[in-house]
Amino acid sequence: MREADRLAIAAGISGYALMEAAGQAVARVVIANWGRRPVLVLCGPGNNGGDGYVAATHLRNAGWSVVVAALGAPKSGTDAAVAATRWPGIVAPVDLSLLAERPLVIDALFGAGLARPPDGVARAIIDEINRLGLDCVGVDVPSGVDGDSGQVLGAAPRCRATVTFFRLKPGHLLLPGRALAGSVHLADIGIPAAVLERIQPRCWRNDPALWRDQLRRPRLEDHKYTRGHLLVIAGGAMTGAGRLVARAARRAGAGMVSLAAPAEALPIYAADQPGLITLALPKPSDLAALMQGRRMSACVVGPGSGVGEGTRDLALAALATGRSCLADADALTSFAGKVEVLAAAVRGPFLITPHEGEFNRLFPDLGAGLGKLARVRTAAARLGAVVLFKGADSVVAAPDGRAVVNDNAPPDLASAGTGDVLAGIAGTLLAQGMPAFEAAAAAVWLHGAAGSAVGRGLIAEDLPEELPNLLKKLES
Ligand SMILES: NC(=O)C1=CN([C@@H]2O[C@H](COP(=O)(O)OP(=O)(O)OC[C@H]3O[C@@H](n4cnc5c(N)ncnc54)[C@H](OP(=O)(O)O)[C@@H]3O)[C@@H](O)[C@H]2O)[C@H](O)CC1
Ligand SMILES: [K+]
């Protein structure tokens with residue numbers, strides 16, 4: 001963002017003009033969403049505080065009762081110093097007593113320049129805002145939230161709304177930042193779009209615009225093999241997982257889905273879905289010939305497969321074929337403490353879809369303190385594969401550092417079996433030749449959209465049935 005500022009200023013836009021637009025946007029959001037009431041504007045020493053002085057001035061001009069409290073005077077010669085001199089009222093030192101009759105707080109303490117956990121009176125007032133449950137509007141980010149990671153440094157106010165500028169930052173999408181930001185308003189402050197091309201961002205909010213063109217649309221001359229033949233390697237005991245993978249894969253548009261499992265379980269799979277091809281589980285040494293002979297273009301291994309050597313060897317055999325491969329669930333746990341074995345086996349497009357527990361078993365040194373985006377990027381680089389870390393704020397990262405953050409998943413998706421559905425959708429997209437990064441991004445978006453379409457009371461079985469409609473909409 002600083003680079004965006006710098007480039008915009010280099011393009012002839014004054015830094016103060018950006019600050020004026022930013023502060024004005026904050027005032028506009030406040031006026032649009034709250035009735036006139038006494039407001040306290042907390043200003044830090046940097047440009048975030050500068051935005052605060054501008055917002056305070058606009059609110060006062062609109063007839064609001066405004067008190068400004070500052071942590072310290074902005075450095076002279078800065079845009080923030082100009083904004084402070086243009087504020088016509090007095091500036092009080094930050095003090096908790098100011099909260100008493102001010103039901104609305106604008107938090108312009110720290111933004112992109114947050115350098116350490118807020119302490120002293122800054123920390124005390126953040127804690128007090130939260131204790132009193134006051135309405136708070138964050139400027140750029142809730143102060144204390146790291147915009148790059150969504151992590152909280154020490155403390156941050158729980159905002160009802162946050163007004164940010166130019167583009168959303170990862171911290172608006174990643175937890176806990178996303179929860180603390182409340183509803184996020186994105187304001188255009190006059191930074192030219194061309195600046196984005198110069199910056200070449202490597203992290204995006206997940207959106208169909210990123211991958212829609214790469215979804216494979218059915219063609220007149222298609223037959224079932226040209227639409228992707230996915231092999232699902234499933235288990236003998238937990239058959240629900242494999243059935244959900246297969247059902248989702250079929251609804252996502254695979255031309256054919258075959259499921260391999262121990263012979264005694266095959267009748268269960270066959271009875272569940274007449275259109276599913278069932279096969280006895282091959283020996284690892286026979287897997288390549290099976291996939292080649294049956295023109296299977298991708299493989300999903302892990303859901304319900306069982307943890308252990310058998311699953312591990314099948315996953316390694318699947319990777320050795322060089323075809324697109326997705327490992328989830330038991331296939332990941334089977335490599336706990338042995339992630340280097342998995343990494344060494346990667347030949348072709350490879351996607352893993354761990355949840356938090358599975359991720360931790362594979363990458364115990366990449367703890368939560370690093371922030372999800374950094375954890376997933378590091379894991380992808382280490383594995384030489386695309387990693388989709390599942391959760392309310394799923395992150396997909398490629399070994400080259402590209403990443404997307406997904407924010408369309410409703411909490412209803414926190415339900416058993418939904419991860420298997422995700423694996424099935426991604427498996428089909430891989431089988432259709434979509435690159436692993438885009439396949440993962442598309443799958444997690446479709447999964448979230450399907451979850452939203454069902455809403456309350458959803459069960460994993462509902463999700464595949466939403467896919468035809470969603471795909472139709474994406475193609476139109
Ligand atoms: N294009 C835009 O998006 C625009 C953004 N604007 C706003 O500018 C801020 C970023 O401003 P910046 O001056 O770089 O940084 P901050 O204001 O966030 O913070 C820097 C100052 O705060 C001090 N600081 C940092 N952390 C702490 C802390 N925990 N406790 C006390 N003080 C802290 C820091 O002090 P140092 O000692 O570390 O130097 C700085 O004094 C962006 O977020 C937007 O709101 C512009 O308005 C223009 C357009
Ligand atoms: K802030």
Side-chain angles (χ1 to χ4, degrees), residues 1-11 13-27 29-30 40-58 69-84 86 94 105-127 129 136-148 151-169 171-172 177 180-182 184-193 195-196 199:
M1 197 59 215
R2 284 184 173 175
E3 182 62 0
D5 276 358
R6 197 187 60 70
L7 289 167
I9 291 164
I13 299 157
S14 84
Y16 189 78
L18 296 177
M19 183 172 285
E20 174 63 32
Q24 208 171 352
V26 173
V29 167
V30 169
L40 174 66
V41 183
L42 297 171
C43 294
N47 288 334
N48 196 252
D51 298 348
Y53 291 107
V54 174
T57 306
H58 283 283
L71 270 189
K75 281 196 197 101
S76 67
T78 61
D79 293 329
V82 177
R86 292 190 184 180
V94 173
V105 180
I106 295 180
D107 159 30
L109 288 173
F110 316 113
L114 178 77
R116 52 196 174 276
D119 58 8
V121 72
R123 169 67 191 253
I125 203 152
I126 289 169
D127 288 344
I129 291 167
C136 185
V137 177
V139 175
D140 201 8
V141 283
S143 298
V145 168
D146 175 348
D148 292 335
Q151 303 271 96
V152 175
L153 265 64
R158 179 169 286 277
C159 294
R160 296 246 186 265
T162 293
V163 186
T164 191
F165 319 113
F166 186 48
R167 289 292 181 273
L168 297 190
K169 322 298 179 295
H172 296 120
L180 291 165
V184 177
H185 300 257
L186 180 63
D188 176 354
I189 56 169
I191 297 178
V195 162
L196 210 59
I199 298 176

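Every number for a ligand or one of its atoms is a count from 1 in the order of the listing. Since the model is a prediction, treat every value here as computed from it, not as a measurement.
Cation-pi check for Arg116 over Phe110 is not met; the charged atom does not lie both under 6.0 angstrom from the ring centroid and within 45 degrees of its normal.
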Under the side chain to side chain contact (heavy atoms under 4.5 Å, CB included) rule, what do Leu168 and Val184 come out as? Steps first, then yes or no, please. CA-CA 8 Å; Leu168 297 190; Val184 177; 3.6 Å; yes
For the pair Phe166 and Leu196, evaluate side chain to side chain contact (heavy atoms under 4.5 Å, CB included) and give the outcome as yes or no after the intermediate values. CA-CA 10 Å; Phe166 186 48; Leu196 210 59; 4.0 Å; yes
Start with the C-alpha gap between Val145 and Gln151, add the side-chain angles, then the distance that decides, and say whether side chain to side chain contact (heavy atoms under 4.5 Å, CB included) holds. CA-CA 6 Å; Val145 168; Gln151 303 271 96; over 6 Å; no
Given Ile106 and Leu40, is the side chain to side chain contact (heavy atoms under 4.5 Å, CB included) satisfied, shown in steps? CA-CA 6 Å; Ile106 295 180; Leu40 174 66; over 6 Å; no
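The side-chain contact (heavy atoms from CB on, under 4.5 Å) test with Leu42 is passed by exactly one of Ile126, Ile129, Leu71: Ile129. Each of Asp146, Thr164, Asp148 was checked for a side chain to side chain donor-acceptor pair (under 3.5 Å) with Lys169, and the lone residue meeting it is Thr164.
The distance from ligand 1 to the heavy atoms of Gly111 drops below 4.0 Å at these ligand atoms: 16 (P), 18 (O), 43 (O). Atoms of ligand 1 lying under 4.0 Å from at least one heavy atom of Ile191, given by number and element, are 1 (N). Atoms of ligand 1 lying under 4.0 Å from at least one heavy atom of Ile189, given by number and element, are 1 (N), 2 (C), 4 (C), 49 (C). Ligand 1 places these atoms under 4.0 Å from at least one heavy atom of Gly46: 13 (O), 17 (O), 21 (C). Those atoms of ligand 1 that come under 4.0 Å of a heavy atom in Leu18, given as number and element, are 48 (C), 49 (C).
Expressed to the nearest 10°, the angle at the K ion (ligand 2) joining O in Val139 with O in Phe110 is 110°. Between OD1 of Asn48 and O of Asp107, the angle at the K ion (ligand 2) works out to 90°, rounded to 10 degrees.
Of the possible donor and acceptor atoms, one in the side chain of Asn48 sits under 3.5 Å from a partner among the backbone N and O of Val139. With Asp107 contributing its side chain and Ser143 its backbone, the two residues share a donor-acceptor pair below 3.5 Å. For His185 (side chain) and Ala25 (main-chain N/O), no donor-acceptor pair under 3.5 Å exists by modelled atom type. The backbone N or O of Ala81 sits nowhere less than 3.5 Å from a side-chain atom of Asp79 that would complete a donor-acceptor pair.
Among Cys43, Pro45, Gly138, the residue whose heavy atom lies nearest to atom 40 (C) of ligand 1 is Pro45. When the heavy atoms of Leu71, Asn48, Leu153 are ranked by distance to atom 9 (C) of ligand 1, first place goes to Asn48. Of all the listed residues (Gly113, Ala115, Gly120, Ala187), Gly113 holds the heavy atom that lies closest to atom 20 (C) of ligand 1. Taking only non-hydrogen atoms, the option from Lys169, Glu20, Arg116 nearest to atom 29 (N) of ligand 1 is Arg116. Closest to atom 6 (N) of ligand 1 by heavy atom, among Leu114, Asp51, Ile13, is Asp51.
Under 4.0 Å from ligand 1, the heavy atoms of Asp140 that appear belong solely to its side chain. Residue contacts with ligand 1, taken as heavy atom pairs separated by less than 4.0 Å, do not involve Val141 at all. In Pro117, the part holding a heavy atom less than 4.0 Å from any atom of ligand 1 is the backbone.
The K ion (ligand 2) has an N, O or S atom of Val141 under 3.4 Å away, backbone or side chain. At least one N, O or S atom of Ser143, from either the backbone or the side chain, sits less than 3.4 Å from the K ion (ligand 2). For the K ion (ligand 2), the set of nearby N, O or S atoms under 3.4 Å includes none belonging to Asp140.
At a 4.0 Å cut-off, not a single heavy atom of Gly44 sits close enough to ligand 1 to count as contact. Under a 4.0 Å heavy-atom criterion, Phe110 is in contact with ligand 1. Ligand 1 is approached by Pro118 to a heavy-atom distance shorter than 4.0 Å.
For the pair Pro45 and Pro74, the minimum side-chain heavy-atom distance is 4.5 Å or more.
In terms of polar-atom proximity, defined here as any N/O pair under 3.5 Å, Ala112 does make such a contact with ligand 1. Of the polar atoms of Asp119, none of the N or O atoms is found under 3.5 Å from an N or O of ligand 1, judged by distance alone.
Taken to the nearest 0.5 Å, the CE atom of Met19 stands 9.5 Å off from the CZ atom of Phe165.
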